[in-house]
Structures are given as C-alpha cells and as structure tokens.
Amino acid sequence: MPKDRKVAKKWTADEYIDDLFQKKDAGKLPMPNPPFFLGMEVFYLPIGQDVLRDIDMKRYERLVSRGAVLQRRYDPTTATHIVSENGAKVTATRLGINSVLDIPEHIRTVNGAFLGHLVSCYGSGTHVRTLPNGRKDYENAHWPGREDFDDPKLAAFTERIKKIEEIPVAPPPQVRRRHGERRLSSPQPPARSDTEDEDEDPRFKRNPTKSRQLPTPSQSSDIISRSSSPGLPPTSSPTPYDDEKADSDPLAEFYSKAREEAELGLNDESEFVDYTNHGHKRGVRTITHTPPSVWSVDNPRPTASCLNQDIIDELERLHLIHSSRPFEEDAWRAFSYKKCIRNIKNHPIRIKNGNEARQIYGVGEKTASKINEFLTTGKISRITHELSKGDVAAVKLFTGIYGVGSHTAYNWYTLGLRTLEDVRRGKGGVKLSPCQETGLKFYDDINLRMPRAEAEEIFLMIKPIALAIDPKLSVDIMGSFRRGKADCGDIDILITRPIHDGKTHAGVMARLWAGLHKARILTEDLALPSNMEDSLECTYRGLCSLPVPDSRRRRIDILMLPWQYRGAALLYYTGDDIFNRAMRFKAGKMGYSLNQRGLYAGVVRNPNKRTEKTNQGNIVASETEEEIFKILGVPWQEPWQRVRGA
DNA sequence: CGGCCGTACTG
DNA sequence: CAGTACG
DNA sequence: GCCG
C-alpha cells in the first residue's frame, strides 16, 4: 500500500504504476472530477533511477486519478506528454534519445510543477455545471489547453520552446570562432521559476542528486551544461573542468572507446563469445565500470554533448572536404572523420589538447595533431588551404541534387560549372538524367526536412489507399518517423502481407503506384521497381506531396517484401544507418550476414570480390526484430533508441 | 597491409 | 560495369 | 584516416 509510509515500501516506478492501475481497475482509486488528464498519455520521468520519492508517487496517483495513462516505457508514437524534473541531458539519456530536441513537437514536455498548477487552475473544474442529481456536466467545461503546457514556467526544456520558434528560420551560417572565444550564449530565460507549488520540495528542484550510483558521463555533462547555458562550457564559472574530471573523467574517457572497440570485435560480458580468437579476454575485463555490454549496438549512446562543438565544427569541415573529392582514399578519410565526430560528440568532457583527443577511439595521430593545431592557433591551416580551392563548395551544392554524387559533381566542377544555374543551362554540355532533372527542379524541397506531423498526414492518406487494394496488407511507416524523430527527411513505407491464407501481395505495388498518382499524392517518380507487376519484393522511390496548393514535395520510399522477411525489413528500414552498419558489422564478426531479408549463417564470400557470395547461406532469423537482436546478443532497443549517427 | 554494411536501381 | 541511393 |  503506497499510503503506508511507515511500512516504507520502496516502490519502483513500474511497480507503482502497475499498482495504481490495478487499484483503478478494481475501483479502489478515488477518481476526483474533473478528469482533466483524460486523453493524456504521460511518460513521467522521476528523479533517480529506482526508488520513487513520495512526491512522485503523489503525482502518479494524481495523474491516473484524473484520467491520464502512464507509460511504463517512453513511447514517442503514443505519448502526449513528458513530465521530467531532470535536466535536458539526463532526460534525453533516459528516454534513449540524443537530445530533447528529438522529442516530437506535439509531445508537451513539462516539469513537475505543472500538476500543481493545473490543479490550482482547474482543480474544481471551470464552467462545470452541477446537475440536479449531483453529477457534473462537463459539456462546456474548460479544460487545460495547449496554452497551459506552453507556459514557460511549466516547460521542462527551454530549448524545445526555442526550437519551435526557430523552425521557420534558415539554419544559421557557420560562425567561425577563434580559439578561446565562447559562443554567444543566447539570452536564456530562467529554466524554471521557483514556483510555490503545493507539493514541491525545493531540494529536488534543480539538482539531480547524483545518487550513490556511479556517475554516468551524461549525468556529469548535464551538470556542466546547467551551470551555464545549455550544453556549453561555463565561461568562468565555478565549475572548472578539473572538478568534473576528478569525478567523471576516468570513466567517461573510455566510454566511447569501449563502445567503439566493441564495434570492432571486442567483448561483451554476457555473451563472452571470443569473436577475436585472441584469447586474452581478460584485458577487456579489467574495465570494471563499463556498461554491461560494449558493442556499439548494445547501448543507446549517451546524449550528444556540445562541449567540444568548436572542435567538431572543424572536423565537420575536414569531413566535408574529403567527402567532396571523388577518390576512394578521400571517401575513407571522410568515413574516419565521421567516426571521430561521433565519438567526440559522445565525449563528456572538454578536450584541452591533442593528447587528450588522441585517447578517444577513432582519433588517430593525424587528427589529434590537427585538433591540437586548432586548440593552439585557433585554426587548421589545411582547412583554410583546401577550402580556398572552391571545389568543395561547388561539389556540396551539386550533390544536393538528387542523383548527383561526388563523381558527377566533381566532373561538373572540372568542366567549369559553379552554380545551379550553370547546371540548368547545361553549361559544358552536361546532360541530366530524368531523375537528376527532378532533383534539380525540386532542389530546395528535397533538401528540406518535413515536420513529423506532415509525414504522418501523408502516411495516413496512403495507408487506406493501400488497404483498399488488399485489407490484409501490413502497411507501416518506418525510418526516422519510427525512430520518433521530430522531423523527417523522407517518408519510408514498408508494405508486406501475411501469408497464412495462401494469398500474396503480388502486383500490389503497381496498383498502389497508380492509385497514389491518381490521388495526386505521388507527384514524380525517381526510381521505379524493376517489376512492379508481380514481384513480392520491390522498392519505389519518388516524390509526393499533400494534395493541396503550395505544399512542398517530399521524398518517399515504398518498400515491399515477402512476409517472412518482415523482422529483418523492419530492422533495416528503421535504421538509423549507423546502427544498421553496426548490427551488420557485429553479425559479420559473429559469422553471420545481415541484410533486409534476414540474418544468415554460413555465407561464404569470394575473397577477391567483397560483395560476391559463393554461398548464399541459411537464413537464421527474419520474422521478428526481436529474434535478430537476440541471436546477435544485442539487448532489445526500441526504434528511437537506435540512434548512432548525428 | 587490408578492411571499413549490404543491398537496389540507373544507364 | 560505375555511380548513386537507402537505412 | 584509423584500426588490428
């Protein structure tokens, strides 16, 4: 019984939620009116990992008794609200996402004070009429509305408010900062006002009392960020790096290393399969504070940190330079820089010199010395030199055209083309493929991300059209949408069909394609499946738009696959790409091969031709994502936790 | 020194 | 086949 | 460009 404080039962959140709903179902929970949380699905993130505070229990109860549904695990696809008293970084980490900015826009994020606020505003209901029989008439009642959750005093994360305001604004130009300069800290409104709330304990307002547990890197970086503007090092504040270092550095230092080493075939406590065959498993064991598993895919990565943002900006430039050049070596250099960037983003403490950078997995001698150059001189001469040539800018511009990669772009540059207008005019005699024509025509639209809501809206128009063709089709929206992202670069739809009645979805793609064009949802095709007519497995790529005036073109991919492959297909089509690579990499090291059709054992490859398979192998798993995770020894991760890239 | 994911569509 | 794209 |  939660009320018996004397008994002092320690409740975990899950237990308490279960208990609450049991009571509610049994009619034992008092249900005060009005039920103004009806329709809300809340993920409440209490402070501390295990034992609930009294205040949290009280709030849980209040939420449930007023009609809210509580999520045991965060699910962005159904959540309407997140309540968190934690800082942005801790919250992001515990939601399994990179940043609170990845929380879909429609989900309101509020702090714990919101409950008291709502109760005080609406506690007895506003405009609720009491009927003669004593019951209440809620017909014209005034419920807490959007504005209540937008109240800055109740907003959990000011950065989300900022983000919503910023949406129409174009991305800011990259500002060069010299060494030693800090970013302008934008005037941040106070994160929270110390409201006089009925049940607020001021001790818990700000500091996530880092409870007796080992500090995690994200926790410590959270504290750093809160001591000044979000995500930035304190200007001259009393939180010197050394203090942080003393407490989180030794662990933090090698988290990304551990994760990355993992990716490359070191070990995992639970599995402990000797993938490397090197025999000295102990070396890894000496790391006592590592997360339970060290494979990259096994642990949701901690929050991105902006501590080393200036360094990352420089590495991004190096990445851009090399990805602009159509040579294989450059492609791999770009690959390396991307890896560096990922790992440095995960590095929870400020890098002070090249030596420190060199300790980070993925940062080699060359990059470390470049970082050192940047930290001492404020610039990297190599970057200045390379960028002065002008090819990088042109290639970047041209590769923005769908269907134009670094080779084509670089050729055009060599031919003297510099602008999109040059391309349009066919300068230098360049000819565009049909798909590139479309890419050029809708250059701006294609390079723009769409709000999550629009992706959903388009999907909800497509789904019934598909189901009209065959009501038994399974039609899902995948990609960044399924990962719960607030905005989507494209719409990914996976279609398949159960086989248990002996029928198939053969020919559906052709009919759907026609139907979607007729409905004016599909506007242009980029790549048609080779055989839409009767294949069970095909890919469509194209553009679509909401069939209303002035709507933008959006990229859409439709993938069809046999039912048996559904799990592997979900896995593939959900991504993200880095997560997929890591899974495939791990599969490879374990002697499997993973693709969108399944996990295969015994695949033999031609040692000369990398992609060529001498032996197809036997399918081991493919019907569900879970079995694939299980066989690969990867702890289950929800789609929105599968984020490895930026 | 070789590997760095594995596949589908275009022309 | 090379080039580009997808997650 | 980094790693084994």
Side-chain angles (χ1 to χ4, degrees), chain A residues 257 260-261 263-266 276-278 297 315 318-319 321-323 326 328-341 343 358 360-370 399 401-411 431-436 439 446 478-483 489-490 492 494 525-531 535 537-542 555-561 568-589 592-600 603 605 607 609-613 639 642-645:
Chain A
K257 182 171 160 74
E260 279 288 338
E261 270 173 4
E263 193 176 328
L264 298 177
L266 289 181
T276 58
N277 275 329
H278 292 164
V297 284
L315 296 180
L318 286 163
H319 171 255
I321 288 165
H322 289 292
S323 56
E328 201 121 326
E329 325 99 66
D330 287 290
W332 288 120
R333 280 176 198 138
F335 177 87
S336 279
Y337 281 123
K338 240 191 329 198
K339 206 170 199 172
C340 277
I341 290 167
N343 290 336
R358 182 68 181 82
I360 298 168
Y361 186 81
V363 180
E365 254 170 63
K366 300 257 193 74
T367 306
S369 97
K370 288 189 178 77
T399 50
I401 302 171
Y402 186 96
V404 176
S406 62
H407 287 77
T408 311
Y410 204 86
N411 284 341
K431 283 267 179 275
L432 299 184
S433 72
C435 146
Q436 291 166 341
I446 292 176
M478 315 291 296
S480 49
F481 188 95
R482 185 165 182 242
R483 292 197 307 274
D490 65 358
D492 306 301
L494 176 67
D525 303 319
L526 292 169
L528 291 173
S530 36
N531 47 356
S535 177
E537 182 173 348
C538 48
T539 317
Y540 169 85
R541 299 187 204 289
R555 279 277 300 108
I556 182 169
D557 294 338
I558 304 174
L559 181 79
M560 249 165 66
L561 274 164
L570 281 167
L571 191 60
Y572 158 71
Y573 224 29
T574 299
D576 67 11
D577 56 344
I578 306 297
F579 179 83
N580 283 352
R581 284 175 183 229
M583 286 288 270
R584 288 166 187 217
F585 193 87
K586 183 168 185 182
K589 291 288 177 204
Y592 296 106
S593 170
L594 177 64
N595 60 29
Q596 58 267 54
R597 286 191 282 275
L599 183 64
Y600 293 80
V603 176
R605 287 198 158 74
K609 274 190 181 176
R610 23 184 277 273
T611 48
E612 191 191 305
K613 288 177 187 166
R642 304 175 195 171
V643 181
R644 296 298 180 278

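Within every chain, numbering begins at 1; the chains are lettered A, B, ... in the order of the sequence lines, protein sequences first and strands thereafter.
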*Asks:* Taking only side-chain nitrogens and oxygens of Arg333(A), does any of them come within less than 4.0 Å of OP1 or OP2 of dG1(D)?
*Replies:* yes
*Asks:* Looking only at heavy atoms, what is the nearest atom pair of Leu599(A) and Ala587(A), with distance?
*Replies:*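 Closest approach of Leu599(A) to Ala587(A), heavy atoms only: CD1-CB, 4.0 Å.
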*Asks:* Does Tyr572(A) make a side-chain donor-acceptor contact with the base of dC6(C), cut-off 3.5 Å?
*Replies:* yes
*Asks:* Nearest whole Å is fine: how far is dC5(B) P from Asp576(A) CG?
*Replies:*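 Interatomic distance, CG of Asp576(A) to P of dC5(B): 14 Å.
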*Asks:* Between dG6(B), dC2(D), dC5(B), which one does the side chain of Asn595(A) approach most closely?
*Replies:*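 Ranking dG6(B), dC2(D), dC5(B) by closest atom to the Asn595(A) side chain puts dG6(B) first.
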*Asks:* Among the candidates dG7(C), dG1(D), dT4(C), find the nucleotide nearest to the side-chain atoms of Arg581(A).
*Replies:* dG7(C)
*Asks:* Need one value for Leu315(A): base, sugar-phosphate or nothing, where a base atom within 4.0 Å counts as base even if backbone is also close, heavy atoms only.
*Replies:* nothing
*Asks:* Select base, sugar-phosphate, or nothing to describe what Leu559(A) touches, counting heavy atoms under 4.0 Å on all strands.
*Replies:*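 Nothing, no nucleic acid heavy atom in range.
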*Asks:* Select one nucleotide: of dT4(C), dT10(B), dC5(B), the one nearest the side-chain heavy atoms of Leu528(A).
*Replies:* dT10(B)
*Asks:* Of the listed nucleotides (dC9(B), dG6(B), dC6(C)), which one gets closest to any side-chain atom of Arg584(A)?
*Replies:*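 The answer is dG6(B), which lies nearest to the side chain.
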*Asks:* Using side chain to side chain contact (heavy atoms under 4.5 Å, CB included), reason through Arg483(A) and Thr574(A) one step at a time and then give a plain yes or no.
*Replies:* CA-CA 7 Å; Arg483(A) 292 197 307 274; Thr574(A) 299; 3.9 Å; yes
*Asks:* Measure from CG on Leu599(A) to C1' on dT7(B) and round the result to the nearest Å.
*Replies:*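 Leu599(A) atom CG is separated from dT7(B) atom C1' by 16 Å.
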*Asks:* Any side-chain N or O of Thr367(A) under 4.0 Å from OP1/OP2 of dG1(D)?
*Replies:*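 Checking Thr367(A) against dG1(D): no side-chain N or O falls below 4.0 Å of OP1 or OP2.
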*Asks:* Rounded to whole angstrom units, what separation is found between the CZ atom of Arg483(A) and the P atom of dG7(C)?
*Replies:*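 Rounding to the nearest Å, CZ of Arg483(A) and P of dG7(C) are 8 Å apart.
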*Asks:* Closest to the Thr408(A) side chain: dG11(B), dG1(D), dT4(C)?
*Replies:*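 Of dG11(B), dG1(D), dT4(C), dT4(C) is nearest to the side chain of Thr408(A).
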*Asks:* Examine dC5(B): is either OP1 or OP2 under 4.0 Å from a nitrogen or oxygen in the side chain of Lys586(A)? Give yes or no.
*Replies:*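 For dC5(B), neither OP1 nor OP2 has a side-chain N or O of Lys586(A) closer than 4.0 Å.
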*Asks:* Which part of the nucleic acid, if any, lies within reach of Arg482(A) when heavy atoms closer than 4.0 Å are counted: base, sugar-phosphate only, or nothing?
*Replies:*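 The residue Arg482(A) makes no contact with any strand.
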*Asks:* Students often get this wrong, so: under 4.0 angstrom with heavy atoms, is Lys370(A) touching a base, only sugar-phosphate, or nothing?
*Replies:* sugar-phosphate
*Asks:* With side chains defined as the heavy atoms from C-beta onward, is the minimum distance between Tyr572(A) and Leu594(A) less than 4.5 Å?
*Replies:* no
*Asks:* Glu537(A) or Phe335(A): which one's nearest nucleotide on DNA chain B is closer to the 5' end?
*Replies:*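 Whichever sits nearer the 5' end wins; that is Phe335(A).
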*Asks:* If every non-hydrogen atom of Arg555(A) is compared with every non-hydrogen atom of Gly542(A), which pair is closest and at what distance?
*Replies:*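 What the structure gives for the nearest pair is NH1-O, 2.8 Å.
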*Asks:* Check every strand shown and say whether Ser480(A) touches a base, only sugar-phosphate, or nothing at a heavy-atom separation below 4.0 Å.
*Replies:* nothing
*Asks:* Whole-Å distance between dT7(B) P and Asp557(A) CG?
*Replies:*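 In whole Å, dT7(B) P and Asp557(A) CG are 18 Å from each other.
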*Asks:* Once you round it to whole Å, what is the distance between P of dG3(C) and CG of Leu432(A)?
*Replies:* 18 Å
*Asks:* For Glu329(A), I'd like to know if atom CD has over 12 heavy atoms of other residues, nucleotides or ligands within 6.0 Å.
*Replies:*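 Correct, the count exceeds 12.
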*Asks:* If I pick the P atom on dG4(D) and the same atom on dC5(B), what distance separates them, to the nearest angstrom?
*Replies:* 15 Å
*Asks:* Quick one: is dT7(B) close enough that its OP1 or OP2 comes under 4.0 Å of any side-chain N or O from Thr539(A)?
*Replies:* no
*Asks:* Just to be sure I understand the rule, does Asp330(A) reach a base, reach only the sugar-phosphate, or reach nothing, if contact means heavy atoms closer than 4.0 Å?
*Replies:* nothing
*Asks:* Going by the side chain to side chain contact (heavy atoms under 4.5 Å, CB included) test, name the single residue among Asp557(A), Leu561(A), Asn580(A) that passes it with Tyr573(A).
*Replies:*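 Single side chain to side chain contact (heavy atoms under 4.5 Å, CB included) partner of Tyr573(A) among Asp557(A), Leu561(A), Asn580(A): Asp557(A).
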*Asks:* If you assign each of Asp577(A) and Arg597(A) to its closest nucleotide in DNA chain B, which residue comes earlier from the 5' end?
*Replies:* Asp577(A)
*Asks:* Nearest whole Å is fine: how far is dG6(B) C1' from Ile578(A) CD1?
*Replies:* 14 Å
*Asks:* From the options dC9(B), dG7(C), dC5(B), select the nucleotide whose nearest atom is closest to the side chain of Pro529(A).
*Replies:*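 Looking only at side-chain atoms, Pro529(A) lies closest to dC9(B).
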*Asks:* Just N and O in the side chain of Asn580(A): are any of them under 4.0 Å from OP1 or OP2 of dC5(B)?
*Replies:* no
*Asks:* Mind calculating the distance between NZ (Lys339(A)) and P (dG1(D)) to the nearest angstrom?
*Replies:*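 That distance rounds to 16 Å.
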*Asks:* To the side chain of Cys538(A), which of dG11(B), dC6(C), dC9(B) is closest?
*Replies:*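 Nucleotide nearest to Cys538(A)'s side chain: dC9(B).
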*Asks:* Check whether any side-chain heavy atom of Glu537(A) lies under 4.5 Å from a side-chain heavy atom of Arg597(A), and answer yes or no.
*Replies:*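 Result yes, sub-4.5 Å side-chain heavy-atom pair found.
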*Asks:* For a quick test of reading the model: is some side-chain N or O of His407(A) closer than 4.0 Å to OP1 or OP2 of dA2(C)?
*Replies:* no
*Asks:* What's the CZ-P distance between Arg642(A) and dC5(B), to the nearest Å?
*Replies:*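 These atoms are roughly 19 Å apart.
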*Asks:* For Trp332(A) and dC4(B), are the ring centres under 5.5 Å apart with planes inclined under 30°?
*Replies:* yes
